Amino acid sequence: MAEATEIRHPLEKIPLGGMVEAASGEAKVLFVRDADGVRAFQAKCPHLGAPLAKGEICGGRLYCPWHKAAFALTDGGLEEPPALEALTRYPVRIEGEMAVAVLEPLAPFSPAPRGEGTHVLVVGTGAAAVACVTSLRRLGFAGTITMVGREAHPPYDRTKLSKQFLAKLTPAGKTLLEPDFYVAHRVEHVHGTVARIEPEARRVTLEDGRALDADALVIATGSRAVVPDFPGADLDGVHTLRSLDDAVGLSAAAEGAERVVVIGGFIGLEAAAFLTKRGLSVTVLAREAVPFAKRFGEAVGTALKRYHAGNGVQFAQGTIARIAGAGRVEAVETEVGERLPADIVLIGAGAAPETGAIAGVAAREDGGVAVGPDLRLAPNVWLAGDIAAFPERASGETARIEHWRLAQQHGTHIARQILNQTGPFAGAPFFWSNQGDKRLDYGGYAPGFDRIVLRGSTDQLDFIAYYVRGERVTAACSIGRNPEFTAFLHLLGEGRAPSPAEIEAGTDPRALI
């Protein structure tokens, strides 16, 4: 029997309170050292393979450098998505001045089975639903789980759809989380469209008349793409980008196209960048002169527009009057008479929460449904993701936030609620966006911010912007400032965000960990 591979690294080169990647041939590990000793973990994030050595250590957590999955330094346990599993841990021994990792994985923590005889019904198959299911199984839930949704695909990573997926013709399977997801997690998958959800009875009825009942109900129905009611919206060549089928259709259509008009939307701008890389001529049509100035501020919005324009994306300002064409798209026409030729039109006009099937609830003006601090709607009934208007801790407001990672956080929290780990939801909202070759990070919630404290250079796309509302710093946006941003996100999640005075005085959040 072959001996296990060992990876050796000098102790003096593993900083106390820090980490370092080490290798032996193709094999790699991440050494982490603190007052309790040296531990070794897999070197890449289980989400999308980011090198963890380029991440950040904040308060007992290791954060992925790309998408901010968080793992416990003690044992590699998963603490925050978008990863859905813990880090593999390897045994370490100290030989003189060397740390030696043996590449025989330590057995992961295996909680005692619980919840036998309990049936959990999850409505939806998106980010919140998947995180809830995987968390339940990871935490030892041994009962029955049923997922119901209208998409026939196994669960997939929606964040990929507007990014590299569009840069070339890509197989749909590249976005799947696990082709055998339902089997791997012992889930009964019911394919169908939901007609009615009765929270008090914990009953779901499908359009074909089938009825499903459960002991615990998780409603994670997500959103649908909004298509404004303007002439020509039903022409061939008009696309939205919300589902895997949408992305597959758009990518296939791009094969024979030359000109694309993107109508608004943050996802639309991501798609514009990658369709431009594919060689198409792309024009983004928006009502405002500076895209996203309302969300990020004038300086950040201007810098993003300049960057995309420098990479070939064209911009037009105006309000759409109609999409012109005889059966198929030919152009987009604005109210002032400008005509933008197009073979494809991508509508990025936002998303609307899918709450219409939920009986006995009143939706808010933004389409969401208000829930309590623990995301509960009724006894043993929870809402998660885009549809949930929840008490957001940092801002103090009831917020409905369409972030993929936040939906995962909701799902994870609800899994713990089902297993009787009570408490309010306190996760910090976070999203990332691939703006061409630049990654923009945004953490927190700051609609209608009062002012911005900016560090670095937006012109160089190397900055962090802090958003202040009253006496609170409730959000930050960053490109190229990962260490400072990650520290801020960590503090936000702990309810210890720096004050406006501290930020204005130049305090680095890393000093407050």
Side-chain angles (χ1 to χ4, degrees), residues 48 50 66-67 157-170 174-175 225 237-244 246-297 299-317 332 340-351 402-404 431-442 458-463 465 477-480 482:
L48 289 180
W66 292 354
H67 308 122
D157 186 340
R158 191 184 303 276
T159 66
K160 294 181 179 180
L161 301 183
S162 58
K163 301 178 176 69
Q164 286 87 353
F165 185 87
L166 295 178
K168 60 182 179 180
L169 201 58
T170 306
K174 290 288 187 180
T175 72
V238 177
H239 295 260
T240 56
L241 185 52
R242 185 70 191 171
S243 68
L244 178 54
D246 289 342
V248 169
L250 176 60
S251 184
E255 279 291 280
E258 295 180 1
R259 299 164 299 184
V260 182
V261 173
V262 176
I263 300 173
F266 200 71
I267 297 301
L269 191 54
E270 285 192 337
F274 288 99
L275 289 171
T276 299
K277 283 188 172 187
R278 194 163 169 174
L280 282 75
S281 173
V282 182
T283 300
V284 174
L285 174 62
R287 292 183 178 182
E288 61 277 359
V290 179
F292 315 117
K294 185 175 181 181
R295 172 178 283 191
F296 300 132
V300 175
T302 298
L304 288 174
K305 181 178 180 180
R306 184 186 304 116
Y307 171 73
H308 285 293
N311 287 324
V313 177
Q314 302 169 66
F315 289 87
Q317 184 182 2
V332 174
L340 305 172
D343 305 306
I344 295 173
V345 173
L346 173 59
I347 299 175
E402 297 173 6
H403 294 175
W404 190 74
F431 76 86
W432 74 91
S433 173
N434 286 53
Q435 297 290 309
D437 294 327
K438 300 291 184 180
R439 191 189 76 245
L440 178 145
D441 291 331
Y442 185 95
T458 54
D459 288 343
Q460 300 297 318
L461 293 182
D462 180 16
F463 68 88
C477 172
S478 173
I479 296 178
N482 190 57

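One-based numbering along the sequence shown. Note that the coordinates shown come from a computational prediction; the quantities given were computed from them, not determined experimentally.
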Quick one: does [X]'s side chain get under 4.5 Å of [Y]'s, heavy atoms only?
{"X": "Thr283", "Y": "Arg259", "result": "no"}
{"X": "Glu255", "Y": "Arg278", "result": "yes"}
{"X": "Asp459", "Y": "Arg306", "result": "yes"}
{"X": "Arg439", "Y": "Asn482", "result": "yes"}
{"X": "Val262", "Y": "Val313", "result": "no"}
{"X": "Leu304", "Y": "Lys438", "result": "no"}

Relative to the ring of Phe431, is the ring of Phe296 parallel (under 30°), tilted (30 to 60°) or perpendicular (over 60°)?
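Phe296 and Phe431: tilted rings.
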
Give the minimum heavy-atom separation between [X] and [Y], together with the two atoms involved.
{"X": "Pro341", "Y": "Val261", "value": "O-CG2, 3.9 Å"}
{"X": "Gln435", "Y": "Phe266", "value": "NE2-CZ, 3.6 Å"}
{"X": "Trp66", "Y": "Ala50", "value": "CD2-CB, 3.2 Å"}
{"X": "Trp432", "Y": "Thr159", "value": "CZ2-OG1, 3.7 Å"}
{"X": "His239", "Y": "Ala253", "value": "NE2-CB, 3.7 Å"}
{"X": "Leu269", "Y": "Val284", "value": "CD1-CG2, 4.0 Å"}

From [X] [atom1] over to [Y] [atom2], what is the distance, rounded to the nearest 0.5 angstrom?
{"X": "Ser162", "Y": "Ile267", "atom1": "OG", "atom2": "CD1", "answer": "4.0 Å"}
{"X": "Leu166", "Y": "Leu280", "atom1": "CG", "atom2": "CG", "answer": "10.5 Å"}
{"X": "Lys160", "Y": "Leu244", "atom1": "NZ", "atom2": "CG", "answer": "11.0 Å"}
{"X": "Thr170", "Y": "Leu161", "atom1": "OG1", "atom2": "CG", "answer": "10.5 Å"}
{"X": "Leu241", "Y": "Ile347", "atom1": "CG", "atom2": "CD1", "answer": "12.0 Å"}
{"X": "Gln317", "Y": "Glu288", "atom1": "CD", "atom2": "CD", "answer": "7.5 Å"}

Asp343 (side chain) donor-acceptor with Glu258 (main chain) under 3.5 angstrom:
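Between the backbone of Glu258 and the side chain of Asp343 there is a qualifying donor-acceptor contact (under 3.5 Å).
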
Could you list all the salt bridge (Lys or Arg N to Asp or Glu O under 4.0 Å) pairs where at least one residue sits in residues 264-277, not counting sequence neighbours?
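Listed by first then second residue: Lys163-Glu270, Lys277-Asp437.
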
Quickly, which of Ile263, Leu250, Asp246 forms a side chain to side chain contact (heavy atoms under 4.5 Å, CB included) with Leu346? Name it, please.
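For Leu346, the side chain to side chain contact (heavy atoms under 4.5 Å, CB included) test succeeds with only one of Ile263, Leu250, Asp246, which is Leu250.
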
